Number of protein chains: 2
Amino acid sequence: MKSMTSTSEKILDIAQSLIVAGGYNGFSYADISAAIGIRRASIHHHFPTKAELVSVLVDRYRRQAEAGLKSLGEQVSSPAEQLQSYLNYWQTCIRDASPPFCVCAMLAGETQMLPEEVASQVRAHFHSLASWLTSVLSAGAEQGLFRLNKRPEEEAQMLMASVHGAMLSARAFGDPGLFTKIVNPQITKLLSPDCLRTAQSR
Amino acid sequence: MKSMTSTSEKILDIAQSLIVAGGYNGFSYADISAAIGIRRASIHHHFPTKAELVSVLVDRYRRQAEAGLKSLGEQVSSPAEQLQSYLNYWQTCIRDASPPFCVCAMLAGETQMLPEEVASQVRAHFHSLASWLTSVLSAGAEQGLFRLNKRPEEEAQMLMASVHGAMLSARAFGDPGLFTKIVNPQITKLLSPDCLRTAQSR
DNA sequence: TGTGAGCTACCTACCAGTAGGAAGGTGCAC
DNA sequence: GTGCACCTTCCTACTGGTAGGTAGCTCACA
């Protein structure tokens, strides 16, 4: 356990930002090399192949995301606030000009030509995110906070699609604020009327 | 005016399917060459640079889409059915295993590293699609077919995001049918109650 | 005395793009 | 209708550059 961020993690950090910007084929070892100031061969020392690099990267991202969602469930009790906190994460990412885009959403579009090991991990992230949203939505529905028109799993899929589509639109229009404008109304629709009144009153 | 599909169009067709599969950096002139059986240099004769090839490609896609949406408005009168027909287009694409993905949605994720000429055209497609959806939604709202919670422009943005996000999810899960499962409820929510009853009765 | 991390130097394959020529068609002058 | 100029299309052959990946070394450090 090193105190400062290890080289491997620096590599992963850079690679992640590069993937978010241009996808799997949008970056090379040379790009990483230039960004952190070590030779290309040295990167191969840490990650023998590109497929392995990206595989480790997505695995790390996935664990970070899962840990984040889990701790979010422990700190915030209300399902409604949990949902809002999740969306706030992306909104602050956008505001800080840091990657306003999910690595897995980026890679999902390239599924067909991804190394199988990577593709399966992307799929796994989508699964865990969907099931987290499902559990939050169904918990909120039981507490009478949400009014769901469909089964929680379906509403979760719809919400997830909205989030990813909103990221895409924000990029296409070059307008980061568009993300919020698209996603916020989406969760407002889910809130049950009485919950809505209290939300509007603040 | 040639009767059979010209070589240029064959090139564009292949390139489009390759972009849909792997994005801007996910294909090369060599791939096209192998697919249609002419040499790489011959492709350069038709499209001197890759940026120009993709630019022409997106322009063609954009014109096709705009023409399709326009003729859709002339053949189908009801805004509700226009909307459904638009979604059916993607659903049949998915069923036929043909590109279940919008070229521009694919490229939108790569905006940051696209040649400017391409990026601006992707943006233009998003604009025209959003404004078409806006006009359909506001027309439907005036006729009492839709019950909109927000301004038509905002509802259009939300719907568009849902469509693109659903494409992403369908890919990530490797389940083409998921697209329909996500998108259909989204438009059902828009339908006003009385319109809903007639739709359910068939 | 290893072991991990970095290096130089190199490999093969592929990339986008260019130069220049062969084949075939079209239109025109005579 | 033969010859000629011109055009489009596609070709072979090549360029400079970059891709991912490997071999084998040095050096620090424990």
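As a basis for the values below, the full set of heavy atoms in this structure was taken, side chains included, without hydrogen atoms, waters or symmetry mates. Below, chains carry the letters A, B, ... as their sequence lines are ordered, and counting in each starts from 1. Note that this is a predicted model, so its numbers are computed, not measured.
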Query raised in the report: To 10°, what angle do the rotation axes through the five end pairs on each side of the helix from dT1(C)-dA30(D) to dC30(C)-dG1(D) form?
Result: 0°
Report summary line: Exactly one candidate in His44(A), His45(A), His46(A) meets ring-ring contact (aromatic ring centres under 6.0 Å, His included) with Tyr29(A); the answer is His44(A)
Query - Interatomic distance, Leu18(B) CG vs dC15(C) C1' [rounded to whole Å] - result: 15 Å
Query raised in the report: Is the NZ or CZ atom of Arg171(A) positioned over Phe101(A)'s six-membered ring, under 6.0 angstrom from the centre and within 45° of the axis?
Result: yes
Query raised in the report: Any side-chain N or O of His45(A) under 4.0 Å from OP1/OP2 of dA5(C)?
Result: yes
Query raised in the report: Ile32(A) CD1 to dG6(C) P: how many Å, rounded?
Result: 13 Å
Query raised in the report: Mind checking whether Phe173(A) and Phe126(B) have parallel, tilted or perpendicular rings, split at 30° and 60°?
Result: perpendicular
Query raised in the report: What does Phe27(B) touch in the nucleic acid at a heavy-atom separation under 4.0 angstrom: a base, only the sugar-phosphate, or nothing?
Result: sugar-phosphate
Report task. Please report, rounded to the nearest Å, how far the C1' atom of dT9(D) is from the CD1 atom of Ile11(B). Result -> 11 Å
Report summary line: When rounded to the nearest 0.5 Å, the distance separating NE2 of His164(A) from CG of Leu129(A) is 5.5 Å
Query raised in the report: Quick one: is dT8(D) close enough that its OP1 or OP2 comes under 4.0 Å of any side-chain N or O from His46(B)?
Result: no
Report summary line: Taken to the nearest whole Å, CZ/Arg39(B) to P/dA16(C) is 16 Å
Query raised in the report: Of the nucleotides dC15(C), dA19(D), dC11(D), which one has an atom closest to the side chain of Ala30(A)?
Result: dA19(D)
Query raised in the report: How many Å lie between NE2 on His44(A) and P on dT8(C), as a whole number?
Result: 15 Å
Query - Short side-chain N/O contact to dC14(C) OP1/OP2 from Ser28(B), under 4.0 Å - result: no
Query raised in the report: Counting distance only, does the side-chain N/O of Glu155(A) pair as donor-acceptor with the main-chain N or O of Lys150(A) below 3.5 Å?
Result: yes
**Report entry** Length of the line joining Phe47(A):CZ and dG4(C):P, which is rounded to integer Å
**Finding:** 15 Å
Requested in this report: Establish, with yes or no, whether the OP1 or OP2 oxygen of dG21(D) is under 4.0 angstrom from a side-chain nitrogen or oxygen of Arg40(A).
Outcome: no
Requested in this report: Grab the NZ-P distance between Lys10(B) and dC10(D) for me, whole Å please.
Outcome: 8 Å
Report summary line: Against the side chain of Ile38(A), the closest entry in dC10(D), dC7(C), dG17(C) is dC7(C)
Report task. Measure the spacing between CG of Asn88(A) and CD of Gln82(A) and express it to the nearest 0.5 Å. Result -> 13.0 Å
Requested in this report: Specify the separation, in whole Å, of atom CD of Glu52(B) and atom C1' of dG17(C).
Outcome: 13 Å
**Report entry** Inter-residue atom distance Gln121(A).CD - Leu57(A).CG, 0.5 Å rounding
**Finding:** 9.5 Å
Query raised in the report: Are a donor atom and an acceptor atom from the side chains of Gln186(A) and Ser162(A) found within less than 3.5 Å of each other?
Result: yes
Requested in this report: Ignoring backbone atoms, establish whether Thr49(B) has a side-chain N or O less than 4.0 Å from OP1 or OP2 of dA16(C).
Outcome: no
Requested in this report: When you get a sec, tell me which of dA16(C), dG6(C), dA9(C) is the closest nucleotide to the side chain of Lys50(B)?
Outcome: dA16(C)
Report summary line: Walking DNA chain C from its 5' end, the first of Ala51(B) and Ser42(A) to be reached, judged by nearest nucleotide, is Ser42(A)
